[in-house]
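Comments concern the structure below.
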2 protein chains.
Amino acid sequence: MKAKLKIIPLGGAGEIGKNMTLIEYDGAILVIDAGLMFPESDMLGVDIVIPDIAYLLEHRDLVRGIIITHGHEDHIGALPYVLPRINVPIYATPLTRGLIEVKLKSHKLLKDATLHTLQMHDTIQLDPFSIETFHVSHSVPDGIGLAITTPIGTVVHSGDFKFDPSPVDGQLTDFATLAEVGSRGVLALLSDSTNSDSPGHTPSEMTINESFKRVFATAQGRIIVATFASNISRIQQVIDTAVQFNRKVAIVGRSMQDNVKMATELGYMRVPDNVLVRIDQLARNEQNQMVIICTGGQGEPTSALVRMANHDHKQVTLTAGDTVILSATPIPGNEEMINRTLNNLFRAGAFVYYSELMHVHVSGHASQEEQKLLLNLVRPKFFIPVHGEYRHLVLHARLAQSIGIPAENTFIIENGTVVEFDDEGNARCSRDTVPASDVLVDGIGIGDIGSTVLRERHHLSEDGFLVALVTLDAHTGEIVFGPEIITHGFVYSETSDDLIAGAKAAITETLKDGGRGAVLSIKLKDVLSKYLFKQTHRRPMVIPVVTEL
Amino acid sequence: MKAKLKIIPLGGAGEIGKNMTLIEYDGAILVIDAGLMFPESDMLGVDIVIPDIAYLLEHRDLVRGIIITHGHEDHIGALPYVLPRINVPIYATPLTRGLIEVKLKSHKLLKDATLHTLQMHDTIQLDPFSIETFHVSHSVPDGIGLAITTPIGTVVHSGDFKFDPSPVDGQLTDFATLAEVGSRGVLALLSDSTNSDSPGHTPSEMTINESFKRVFATAQGRIIVATFASNISRIQQVIDTAVQFNRKVAIVGRSMQDNVKMATELGYMRVPDNVLVRIDQLARNEQNQMVIICTGGQGEPTSALVRMANHDHKQVTLTAGDTVILSATPIPGNEEMINRTLNNLFRAGAFVYYSELMHVHVSGHASQEEQKLLLNLVRPKFFIPVHGEYRHLVLHARLAQSIGIPAENTFIIENGTVVEFDDEGNARCSRDTVPASDVLVDGIGIGDIGSTVLRERHHLSEDGFLVALVTLDAHTGEIVFGPEIITHGFVYSETSDDLIAGAKAAITETLKDGGRGAVLSIKLKDVLSKYLFKQTHRRPMVIPVVTEL
């Protein structure tokens, strides 16, 4: 049987192929990206979500390397969890490599990692794969897409992209290579579906400059801009505007400082001399000549902006007359945190600009017309929409059909699905799938938290728990201790004496019926649950503990 | 001392004066609205949030009545909790009264309630208040604003409003009364700030008709429209479009059915004969002539739409070719639930239309230009922005200043703040405030859940708990039972034997040092917490229980 080409989206916590994708052919596996997701709100207590790499571990000898398309968390953030378990070479463009190095260094993993630099337009050979890179514009410089040629045909992966006609770094998407790859013939395209429900074109990053200028022109006091630490382009735009308005810039926060330093050294940021200052370097009366760039665009509780909003930041006390720009759009689930932060900023007297009020953020992802343009440039035989929730894939697939890709050549798949291509030009979803559950990281536990613990946390979060302790004489069955009640998260204990007394009475009453062991425990749990629900209409986790001594 | 006029916004869970506002003068209190909020996501396990009526209970003899501005939950939903504690007369326009009656009936409170009908333009005397009502358009018919004349001056309350030039029910905002009230002179305006961060005008409800027509014209199978049960205007629009396209309409869900029946009987909805059908009345092959209207626009877990999306609805099984319209915008905090529902609808093969894709919902609240027009019509001396989070009030106040209301005549206040007006034309915030915390309803408990229990629930939701049991001989201090560990929501027990064994060993080791009672418990808690954090980097709630027998 001849070898088949396999494409397998692997991770993304609800988004398909967002954090990792595998390309496999004839005993060789190529990994694209190794990113993380932040937990959805029902993943209680979870810190981050990473892809399941069980399949890679099982076939570790086949893995040729990991190619990273760009330096955002959702594409590099899982490396510190992946590399200790499977230390394969990483390939990345210079800025992306820089961002990876900053990250690996902070995890003390840099020394053991093998990193190779790619150019934005480059070709590398990782047999049997020949990989040609092409630049795509995005909200961070140095992003690439991939044209992966295999004996079965060429697979194009868009990376995260938009067709920005005036990117901040001046680097246009590499239309020439894309068109040429398209002319040579493409078996399959994997393309970014993030904004497939947005009609038209995504505005250029440069359109934000106009908003920044309007704000800077009228601001009286300090200007504070919050964005992602890895949003190199946005940070550059803020610095450019600050220079125009003769303001100094202070970068607050270690990760953002590290990123700016690295990007400047590599030539990806242009920062004139004497513009960057330490936040404590300017006197109080010079603060109206200052711009502060910090994290907190998602209302993250420990971010600099949120601490400023809550009067909890060591160096920055917000005052009336300060101006704050939130240069970000909410990740779904963060809206309430962001709104709370906005309210607190307004309470502090700041002038605050956010998306509803002014054009201070644009998406880094292609809208429908750009998605169609990519399809038309690449003209693939098969189309696999990736990077997006299920609805985005469906809408992207319909878009492709509207410009001539046959429905039967489109694969709307979930993580772990294997699309197989044979050498006769056929493609199909394999019946075999690859493990691709979300791996939840909580503390130092990786993957030990699953649905059972999450269900318990959910139960506890809604109604708390109640432990009922009673010790019986093993011979007589008489109560020698208790009943005692321990309860948290259920009722306010100071006003619940009657309820607790009633629960104890219910236990004592139940014990009178006799019974021992597991049967007694089940009975007590039932009696207590019913009593507590009747009294409160709440359903705490009820745990009877009967000891016999 | 002469009497002062007091204005007190009282409830709204983060929105100021949204659910209840008090007007007080010379021993008389008028209540405007009695609504509820749905809990914010950090109010774990809480069902709803209602205003604190402690001040009303303390002054129950002064309360003249409750005037309801319109029939939405956030204006009527607290009545079932307020009336049993202070049963005062309720004043409402016919449709609003109908919606209140449906609600009170379901709580078995209708018989004991005293309801009075207001006309949209009406004047009632509740001494010392003379209240003139005027119609404002909103997303439900029969909404009113109030001009409340007191010996100190006239207070205008906008209610929830937009200036819809083509409302679904044909009832324009009563500009004539507003202008006339403005000409007579207005002391203070309280105005809806919900959309004060939206420039321009809010589109008319009628603009949605075009979207509905486009969808209905091409839909092949069933059409399912999800919206709020009280959104009478939207339901009317769906029915109108269904009639145009010769489709039958099935209303799914008790509350929506009750509302439609009542609104039709009162003449607020126009439903031609033979249009409404029961969902089981049409054969399978006639289903492409059907429209289903149901709840679920917010992704509410128990709603009809969500159950359909999850293949969990008794009567409706979604199939490829069905069309779903989500005619709603997310309430902040609901985005993830809505996205999940959308994904499941797409998975079921439905064609789904939602806000990003098509204009299938408009806000019921005025945008900035409409807010300015109201200010210009009423020309108040003092301005109190209400209905909105703090940032909305600030933006609304700045808007008012931009058209000539002096900053010093504008009051940006929190719930419970008392604005006092004297008879010499002065206004100020009183140093006294009125209790106005969010009252959390959980099960049948009203207000017993506070920050302590919420903190415990939050702790439990993140890392669960661990109870350590040990029984000592009261004389010798020897262990006679245990240590035993009970833990939930912390680690997956099946793979945590070593961790639990280590915890037991730590307890035994600690007991060797001696110590009894509270000191021992504190020590055990400390030792266990440190051990567990070291092993897992998690911080469960640790509860040692040492019994001496």
Side-chain angles (χ1 to χ4, degrees), chain A residues 14 40-42 44-45 197-199 330 332-333 335-336 339 342-343 345-347 352 354 356-357 389-391 394-395 442-445 448-450 452-453 456-465 467 469 471 480-481 484 486 488-492 495-496 536-538 541 543 545 547 549, chain B residues 14 40-42 44-45 197-199 330 332-333 335-336 339 342-343 345-347 352 354 356-357 389-391 394-395 442-445 448-450 452-453 456-465 467 469 471 480-481 484 486 488-492 495-496 536-538 541 543 545 547 549:
Chain A
E40 297 179 46
S41 57
D42 59 352
L44 295 169
D197 56 6
S198 300
E335 291 81 0
E336 277 185 73
N339 286 343
L342 288 172
N343 288 329
L345 292 168
F346 275 98
R347 277 200 182 87
V352 188
Y354 55 104
E356 276 80 0
L357 283 173
E389 300 182 36
Y390 195 89
R391 67 184 183 282
V394 174
L395 292 167
D442 179 9
I444 53 178
D448 66 321
I449 298 289
T452 307
V453 176
E456 289 179 346
R457 287 183 182 171
H458 181 74
H459 187 168
L460 293 167
S461 79
E462 291 275 314
D463 288 316
F465 72 89
V467 174
L469 302 170
T471 304
V480 294
F481 172 78
E484 278 302 317
I486 300 163
H488 290 280
F490 167 44
V491 289
Y492 186 51
T495 55
S496 305
T536 64
H537 277 215
R538 296 174 200 165
M541 186 185 282
I543 304 161
V545 182
T547 315
L549 284 181
Chain B
E40 297 179 46
S41 58
D42 60 353
L44 296 169
D197 55 6
S198 300
E335 290 81 0
E336 277 186 73
N339 287 343
L342 287 172
N343 289 329
L345 292 168
F346 274 100
R347 278 201 181 86
V352 189
Y354 54 104
E356 278 79 359
L357 284 173
E389 299 182 37
Y390 195 88
R391 68 185 183 282
V394 173
L395 292 167
D442 179 8
I444 53 179
D448 65 321
I449 298 290
T452 307
V453 176
E456 289 179 346
R457 288 183 182 173
H458 181 74
H459 188 169
L460 293 168
S461 78
E462 291 274 315
D463 288 315
F465 71 90
V467 175
L469 301 171
T471 305
V480 294
F481 171 78
E484 278 302 317
I486 300 162
H488 290 280
F490 167 43
V491 289
Y492 185 51
T495 55
S496 305
T536 64
H537 278 215
R538 297 176 198 164
M541 186 184 282
I543 305 161
V545 182
T547 315
L549 283 182

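Everything numeric here is computed off the predicted structure, so don't read it as measured data. Order of the sequence lines fixes the chain letters, A, B, ..., with proteins taken first and strands second; residue numbering starts at 1 for each chain.
- Interface check for chain A: of the options B:Thr547, B:Ile449, B:Asp442, the most heavy-atom pairs under 4.5 Å are formed by B:Asp442.
- Taking chain A as the reference chain and counting heavy-atom pairs below 4.5 Å, the highest number among B:Thr536, B:Val545, B:Val394 is found for B:Thr536.
- The line from CZ of B:Phe481 to OG1 of A:Thr471 is 7.5 Å long, rounded to the nearest 0.5 Å.
- Residue B:Leu345 does not touch chain A at all, counting heavy-atom pairs closer than 4.5 Å.
- The most heavy-atom pairs under 4.5 Å with chain A, out of B:Gly45, B:Gly450, B:Ser461, come from B:Ser461.
- What you find for A:Glu335 and B:Pro332 is that their closest heavy atoms are CB-CB, 4.4 Å.
- With a 4.5 Å cut-off on non-hydrogen atoms, B:Val480 touches chain A through its backbone and its side chain both.
- Note that the CG atom of B:Leu469 and the CD atom of A:Glu484 stand 12.0 Å from one another [nearest 0.5 Å].
- In this structure the side chain of A:Leu395 reaches within 4.5 angstrom of the side chain of B:Leu357, judged on heavy atoms.
- In terms of heavy-atom pairs under 4.5 angstrom with chain A, the leader among B:Val453, B:Asp197, B:Asp42, B:Leu44 is B:Asp197.
- Heavy atoms closer than 4.5 Å to chain A are found in both the backbone and the side chain of B:Ile444.
- Most heavy-atom pairs under 4.5 Å with chain A, from the set B:Glu356, B:Arg347, B:His458: that is B:Arg347.
- Judged as a side chain to side chain donor-acceptor pair (under 3.5 Å), and not counting sequence neighbours, A:Thr452 has no contacts.
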Residues B:Arg457, A:Asp463; criterion side chain to side chain contact (heavy atoms under 4.5 Å, CB included); working and verdict = CA-CA 7 Å; B:Arg457 288 183 182 173; A:Asp463 288 316; 4.2 Å; yes
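- Looking at B:Phe490, the atoms closer than 4.5 Å to chain A (heavy atoms on both sides) all sit in the backbone: N, CA, C or O.
- In terms of heavy-atom proximity, A:Leu460 sits nearest to B:Phe465 at CD2-CE2, 3.8 Å.
- No side-chain donor-acceptor contact under 3.5 Å links A:Arg391 to the backbone of B:Asn343.
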request  = Any chance you could lay out the side chain to side chain contact (heavy atoms under 4.5 Å, CB included) test for B:Leu342 and A:Glu389, step after step, and finish with the verdict?
outcome  = CA-CA 10 Å; B:Leu342 287 172; A:Glu389 300 182 36; over 6 Å; no
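- With a threshold of 4.5 angstrom between heavy atoms, B:Leu549 approaches chain A through side-chain atoms but not through N, CA, C or O.
- Neither the backbone nor the side chain of B:Ser496 comes within contact range of chain A; no heavy atom of the residue lies under 4.5 Å from a heavy atom of that chain.
- Counting heavy-atom pairs under 4.5 Å between each of B:Asp448, B:Val352, B:Asn339 and chain A puts B:Asn339 at the top.
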